[in-house]
Number of protein chains: 2
Amino acid sequence: MPRAPRYRVIYDDIVSQIRDGRLPAGAQLPNENDLARRYGVSRMTVRQSLDMLDAERYVVRRQGSGTFVAERRSGRHLNRLQSFGDELAADDVDVTSETIHFEEYPVPPDIADLFGIRADDIAHRVKRIRKVGGVPAALQDAWIPYAVAPALTRESLLEDSLYRTLTGRYGVELSHADQELTAVGLSADHAARLGAEEGAPALESRRITYAADGNVVERVTSWTLQEFPLLLRIEAQ
Amino acid sequence: MPRAPRYRVIYDDIVSQIRDGRLPAGAQLPNENDLARRYGVSRMTVRQSLDMLDAERYVVRRQGSGTFVAERRSGRHLNRLQSFGDELAADDVDVTSETIHFEEYPVPPDIADLFGIRADDIAHRVKRIRKVGGVPAALQDAWIPYAVAPALTRESLLEDSLYRTLTGRYGVELSHADQELTAVGLSADHAARLGAEEGAPALESRRITYAADGNVVERVTSWTLQEFPLLLRIEAQ
DNA sequence: GCTCCTAATTCGTCTAGACAACTAGTCATA
DNA sequence: TATGACTAGTTGTCTAGACGAATTAGGAGC
């Protein structure tokens, strides 16, 4: 593990303060000069951390006034790379997961190509139903290269999200994800699993997640029912 | 028009070079010290411009190697706030627009509240069909406060995108947009206009665009057929 | 009470450097 | 021919300031 740059350490520290409630929504952060003194860095370095926090909507900056912890909106926020559960966490709803399929499976050629392995090599394949307040909300079909998480078990997916398992247990440093969104009609099989009608409209998402070293970490296709919108904020150029 | 900061001027200049092909995809930019000399600023200021270009995928930076113009993927890129046409511009397809409805219309209460005007005040309402290569791809239903673009005409929408009309002709400085995505089945009316079956799955997007001064600039609901995916890149936290 | 002005506070922009980390070559050597 | 060390070039990180722009609180004057 290479040592993280200081602005990253400061960013992580403030994120953890926001996550665990030490810095509640709406709270004002110490001003930039104070932060610089406290962390023992120059103001420019603190600003680099705040730039990241701002870009990811953890904080709102107001010139002349201060920097404040952002209020969260309801829905699934797509601006940060995070688990399905975290995306919804601010809603105070119960997000659960039911694994309906878990095996090590020979990969088809397109997935093999994506993962940079040989066709018919083994990868994890996990299908899960995500429920919100006990109601099925989405179905996920994930491929994970065996090398990324050799000891992945059905149990390890129960207690924690795949994202936290990968980043925590396997030390994978995530970089970014490319996501493709379309509307589709549910197949009979998928509809049955989600308790919906065949052909019911659903949001199909094909996501490829990359690690910091450039390797592909997972390829997930998911179908989300229309009652669960995705939220997205786009910055002006 | 307040004078733009230097990093923004440099950003705009490089974007325009990329847009018009002077900097083609894959080309290497001058190094940061060169750019600083050319624009007569310090390297940190150039880096601020490059940070923005990087965040919006205009360029890729490789430590030790250089900064390069990014290759574009096919589809509609949602990471930047830009017009429907610009989202698809890199695909070398012909994006056209057919205005099927244009009038000044009393706003319903929810829109009035959003715009900060009184219910039954007047706003522009524009419905358009967007076509890609002559084929209907999406239907857009937009509300624009009268005050934002008092002289908006049907003709002005023909020759240029709404975004460029607002930013160019009316000097509106855009800040960001909040977007909500769901899958829906098309209504009979919408399906007919898009040449699709009633109930065909479509991506419904409800977007609210904000100006830099905090005012709402437009509220657009759009329905996109399933053949035209949206692309999105999500950064790790 | 009210308005206007001023001062303090805060974030925004920008400088001119320094050194570290990384990449892609070149060149000597086994 | 391969390998490894070296080097030039590039972006990454960081400093210690300076001044500008926006907001807010408080006081002076009415």
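It should be emphasised that the depicted structure is a prediction, and the values quoted were computed from it without experimental measurement. In what follows, every chain begins at residue 1, and chains take the letters A, B, ... in the order their sequences are listed.
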**Request:** Compare side-chain N and O positions of B:Ser65 against OP1 and OP2 of D:dG9 and report whether any pair is under 4.0 Å apart.
**Result:** no

**Interatomic distance where CG belongs to A:Asp54 and P belongs to C:dC11 [whole Å]** = 12 Å

**Item:** Partners passing side-chain hydrogen bond (donor to acceptor under 3.5 Å, both in side chains) against A:Asp110 (at least two apart in sequence or in another chain)
**Value:** none

**Prompt:** What residues in residues 39-47 of chain A put a non-hydrogen atom under 4.0 Å from any atom of DNA chain C?
**Reply:** A:Arg43, A:Met44, A:Arg47

**Request:** Grab the OH-P distance between B:Tyr7 and C:dC11 for me, whole Å please.
**Result:** 16 Å

**Prompt:** How many Å lie between CE on B:Met52 and C1' on C:dG12, as a whole number?
**Reply:** 13 Å

**Prompt:** Tell me: CD of A:Glu32 to P of D:dC19, nearest whole Å?
**Reply:** 18 Å

**Prompt:** Do the charged groups of B:Arg207 and B:Glu218 touch, with an N to O distance under 4.0 Å?
**Reply:** yes

**Prompt:** C:dT9 C1' sits how many Å from A:Leu35 CG, rounded?
**Reply:** 15 Å

**Asked** Can we say B:Arg128 and B:Asp141 salt-bridge, meaning some charged N sits less than 4.0 Å from an Asp/Glu carboxylate O?
**Response** no

**Message:** Once you measure the plane-to-plane angle for B:Tyr11 and B:Tyr58, does it fall in the parallel (<30°), tilted (30-60°) or perpendicular (>60°) bin?
**Reply:** perpendicular

**Message:** Using whole Å, what does the distance between atom P of nucleotide C:dG12 and atom CG of A:Asn33 come to?
**Reply:** 12 Å

**Request:** Between D:dC14, D:dT10, D:dA21, spot the one nearest the side chain of A:Pro5, thanks.
**Result:** D:dC14

**Request:** Flag the pair A:Arg37 / A:Pro30 as yes when at least one side-chain heavy-atom distance between them is below 4.5 Å, and no otherwise.
**Result:** no

**Fill in**
A:Gln48 CD to D:dT11 P, in whole Å, measures 16 Å

**Asked** Picking from C:dC14, C:dC22, C:dC11, which would you name as closest to the side chain of B:Arg6?
**Response** C:dC14

**Asked** In whole angstrom, what separates A:Asn31's CG from D:dT24's P?
**Response** 15 Å

**Message:** So does A:Arg62 get a backbone contact from the side chain of A:Ser65, meaning a donor-acceptor N/O pair under 3.5 Å?
**Reply:** no

**Request:** Could you tell me whether A:Phe68 atom CZ has more than 12 heavy atoms of other residues or ligands within 6.0 Å of it?
**Result:** yes

